[in-house]
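Data first, discussion second: the structure below is written as structure tokens.
All values below come from the heavy atoms of this structure, side chains included, with hydrogens, waters and symmetry mates left out. We name chains A, B, ... by the order of the sequence lines, and we start the count at 1 in each one. Since this is a predicted model, take the numbers as computed values, not measurements.
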Amino acid sequence: MSWISNFTRPMINSLFSRREVPENLWSKCDNCGTMLFHRELSDALYTCPTCDHHMFITPRERLKSLFDLGIFTTVSVPDPIVDPLHFKDQKPYPKRLADARKTTSEHEAMLVAEGNIGEVKAVVAVQDFSFMAGSMGMYVGNAIIAAAQRAVELRAPLILFSAAGGARMQEGILSLMQMPRTTVAVDMVKEAGLPYIVVLTHPTTGGVTASYAMLGDVHIAEPNALICFAGPRVIEQTIREKLPEGFQRSEYLLDHGMLDRVVHRTQMRDELATLLRLLLNERPRSHGDLPSPEGEASVPAEATGTA
Amino acid sequence: MQNYLDFEKGLAEIEGKAEELRALARQDPEMDVEEEAAALDKKAQALLSDLYRDLTPWRKAQVARHPSRPHCKDYIEALFTEYTPLAGDRNFADDPAVMGGLARLNDRPVVVIGQEKGNDTASRIARNFGMMRPEGYRKVVRLMDLADRFNLPVITLVDTQGAYPGKGAEERGQSEAIARSTEKCLSIRVPLISVIIGEGMSGGAIALTTGNKVAMLEHAIYTVISPEGCASILWKNAEKMREAAEALRLTAQNLRQLRVIDRIIDEPIGGAQRNPDAAIAAVGRTLTALLAEFDGKDRDEIRSDRRKKFLEMGAVAL
């Protein structure tokens with residue numbers, strides 16, 4: 001009985017359910033247990049109205065919440081060589097990739113888009129933790145390079161939302177090489193005199209934290225995100241003592257000088273708009289979602305914010 | 001006393017027998033064992049070169065970590081003159097896991113930096129087993145800035161099982177320190193030559209290895225995660241480290257094919273631990289040759305070439 005309900009039924013459900021259609025209109029906050037209606041949850045950008053717990057949000061929904069009127073254009077990212085090491089573990093790497101593509105309906109672990117944030121043109125790269133734990137491999141490297149190049153081309157700031165378990169082991173040394181590779185990319189943006197803002201989201205760990213996620217002009221984090229190089233379990237094994245409450249969480253890093261600000265997801269758009277205008281020496285923003293008087297009439301047709 | 005690895009058991013027996021014979025002969029001068037012992041030596045030598053001709057990736061990992069392998073300090077003492085260590089990150093502390101300072105290589109002033117694991121219990125503890133803390137990476141940044149300012153080439157000797165996973169290290173910004181160190185490697189306008197002499201493990205290594213030229217000893221390893229760590233994550237079983245070592249392509253030979261490294265430095269038969277002097281001398285020759293490639297090269301070009309090299313990583317597959 002138990003394996004029928006625990007295994008077979010979810011398997012059957014997953015075959016028939018579509019990602020866009022919530023199979024259950026109610027979900028429970030993982031932190032405080034409050035029952036949340038799906039509209040309420042998506043309106044709050046997947047943060048809990050009761051306890052402010054920040055849950056997973058897909059990169060597309062994130063982008064939609066950031067750009068003016070929810071309109072953005074994706075920036076194309078060149079595909080790297082698939083499975084460059086012919087990596088063999090219990091499941092072939094191409095199979096893992098295919099599975100991740102199926103469950104997320106995304107191509108890879110990073111999505112790059114351009115659009116306006118508070119009437120400032122910006123390039124935004126969002127790492128997708130639901131895609132193989134957001135792991136940094138050649139594709140993520142290519143995405144950051146593409147984002148940086150586009151930012152320089154447009155003379156626009158680059159904003160990067162990080163979320164990753166670390167490097168993608170299945171790409172071995174080439175995943176490690178993304179640390180210098182992405183560093184070159186973000187330095188191109190900085191050397192062009194453009195802002196590079198990092199927003200660290202839960203969780204950002206390992207080689208990702210130790211490269212582009214810690215090289216921003218400004219470091220913002222969402223509340224209570226785990227941000228670290230070595231994970232808490234590894235440290236507990238090394239030093240054989242219990243770690244303090246809140247260790248390696250956003251607020252702890254803020255206290256230790258590693259972050260500039262901790263910002264609630266629902267305030268992120270305003271925060272970024274204000275910051276960008278300050279850094280670019282632009283006039284303060286007129287509030288509201290109206291397009292600028294000059295009119296951004298040339299919004300490309302393919303600009304889609306998929307719900 | 002030779003330190004044998006598990007796959008060297010047969011060798012240990014033969015060498016042990018030869019040693020026993022010679023010990024007997026020392027007690028009894030009448031006995032003539034030399035012929036027999038020499039035959040055993042020959043057999044041992046043949047077995048040794050056989051074993052090391054085609055080491056599996058996991059065996060290479062074992063050799064790379066061999067306690068008798070020459071370490072950073074041995075290379076610095078043997079290859080450089082006037083080594084003048086410089087200490088501290090000017091913020092918090094000095095990190096003894098990383099050595100660094102001014103020195104001369106063939107009379108030419110350079111900045112040399114390298115991770116030192118220590119070679120006995122006391123020095124291993126003092127050096128934190130070659131696992132750097134943020135202050136170590138910040139010292140590296142300082143020394144590279146110094147090299148850049150005075151136009152001195154930088155040589156890094158890489159040998160670490162990774163950056164230190166500790167509470168204080170995290171609180172003081174291990175990630176940020178590593179990121180800045182890698183960034184510094186990419187921004188200096190002097191030649192940066194890195195040699196992986198033992199283990200080049202993960203972010204803790206790349207922060208020193210982002211060089212114009214990266215050379216690697218024949219049996220050294222360079223990888224994003226230790227075979228044990230990879231096995232415990234992907235196989236859910238740390239005992240699968242042999243399979244993980246295989247899958248990670250962490251050998252110098254594979255990394256050369258991937259163009260992640262530029263040069264493989266041959267080790268003496270039986271590995272650097274069998275003949276440290278020969279291994280050190282080979283590294284010295286490689287450093288001299290690689291440095292010479294930068295003579296007369298424009299400072300900006302040195303920097304842009306290095307950046308280009310890393311941007312293009314991953315264009316070649318196995």
**Study point:** Heavy-atom pairs under 4.5 Å with chain A, option from B:Leu234, B:Ile178, B:Thr182 with the top count
**Key:** B:Leu234
Practice item. Name the region of A:Tyr212, side chain, backbone, both or neither, that has any atom closer than 4.5 Å to a heavy atom of chain B. Key: neither
Review point. Tell me, side chain or backbone of A:Arg233 under 4.5 Å from chain B's heavy atoms, or both, or neither?
Key: neither
Practice item. Count the heavy-atom pairs under 4.5 Å between each of B:Glu243, B:Arg180, B:Arg172 and chain A, then report the option with the highest count. Key: B:Arg180
Point to revise | Heavy-atom neighbours of A:Arg261 CZ exceed 12 at 6.0 Å | key: no
Point to revise | Interface moiety of A:Leu215 toward chain B, non-hydrogen atoms closer than 4.5 Å | key: both
Point to revise | Heavy-atom contact with chain B under 4.5 Å, split by part of A:Leu85 | key: both
Point to revise | Basic-acidic side-chain contact under 4.0 Å: B:Arg256, B:Asp262 | key: no
Review point. Chain B heavy atoms under 4.5 Å from A:Met138: which part of the residue, side chain, backbone, both or neither?
Key: side chain
Review point. Between A:His202 and A:Phe129, is the ring centre distance below 6.0 Å?
Key: no
Study note, to complete from the structure: So, the part of A:Gln170 with a heavy atom under 4.5 Å from chain B: the answer is side chain
Exercise for review: Ignoring hydrogens and angles, tell me if any N or O in the side chain of A:Thr201 forms a donor-acceptor pair with the backbone of A:Ser162 under 3.5 Å.
Suggested key: yes
Exercise for review: Measure B:Ala207 against the heavy atoms of chain A and call it side chain, backbone, both or neither at under 4.5 Å.
Suggested key: neither
Check your understanding: With respect to B:Asp145, which candidate in B:Arg138, B:Lys139, B:Lys184 satisfies the salt bridge (Lys or Arg N to Asp or Glu O under 4.0 Å) definition?
Key -> B:Lys184
Review point. Aromatic rings A:Phe87 and B:Trp235: how do their planes relate, parallel, tilted or perpendicular, breaks at 30° and 60°?
Key: tilted
Study note, to complete from the structure: Per-residue tally against chain B (heavy atom, under 4.5 Å) across A:Gly207, A:Pro80, A:Pro84 peaks at A:Pro84
Point to revise | Under 4.5 Å from any heavy atom of chain B - which part of A:Ser211 | key: backbone
Review point. Pick from B:Ala317, B:Ser175, B:Pro165, B:Ala179: which one has the most heavy-atom pairs with chain A under 4.5 Å?
Key: B:Ser175
Review point. Between A:Lys91 and A:Asp99, is the closest basic N to carboxylate O distance under 4.0 Å?
Key: yes
Practice item. Counting only heavy atoms closer than 4.5 Å, note whether B:Leu250 contacts chain A via side chain, backbone, both or neither. Key: neither
Practice item. Name the region of B:Leu186, side chain, backbone, both or neither, that has any atom closer than 4.5 Å to a heavy atom of chain A. Key: side chain
Check your understanding: Under 3.5 Å, side chain of B:Ser202 to main-chain N/O of B:Val224, donor-acceptor pair present?
Key -> yes
Exercise for review: State whether a side-chain donor-acceptor pair under 3.5 Å links A:Glu171 with A:Tyr93.
Suggested key: yes
Check your understanding: What part of A:Pro180 gets closer than 4.5 Å to chain B, counting heavy atoms only: side chain, backbone, both or neither?
Key -> both
Check your understanding: Do we get B:Arg133 above B:Tyr164's six-membered ring, with its NZ or CZ under 6.0 Å from the centre and within 45° of the axis?
Key -> yes
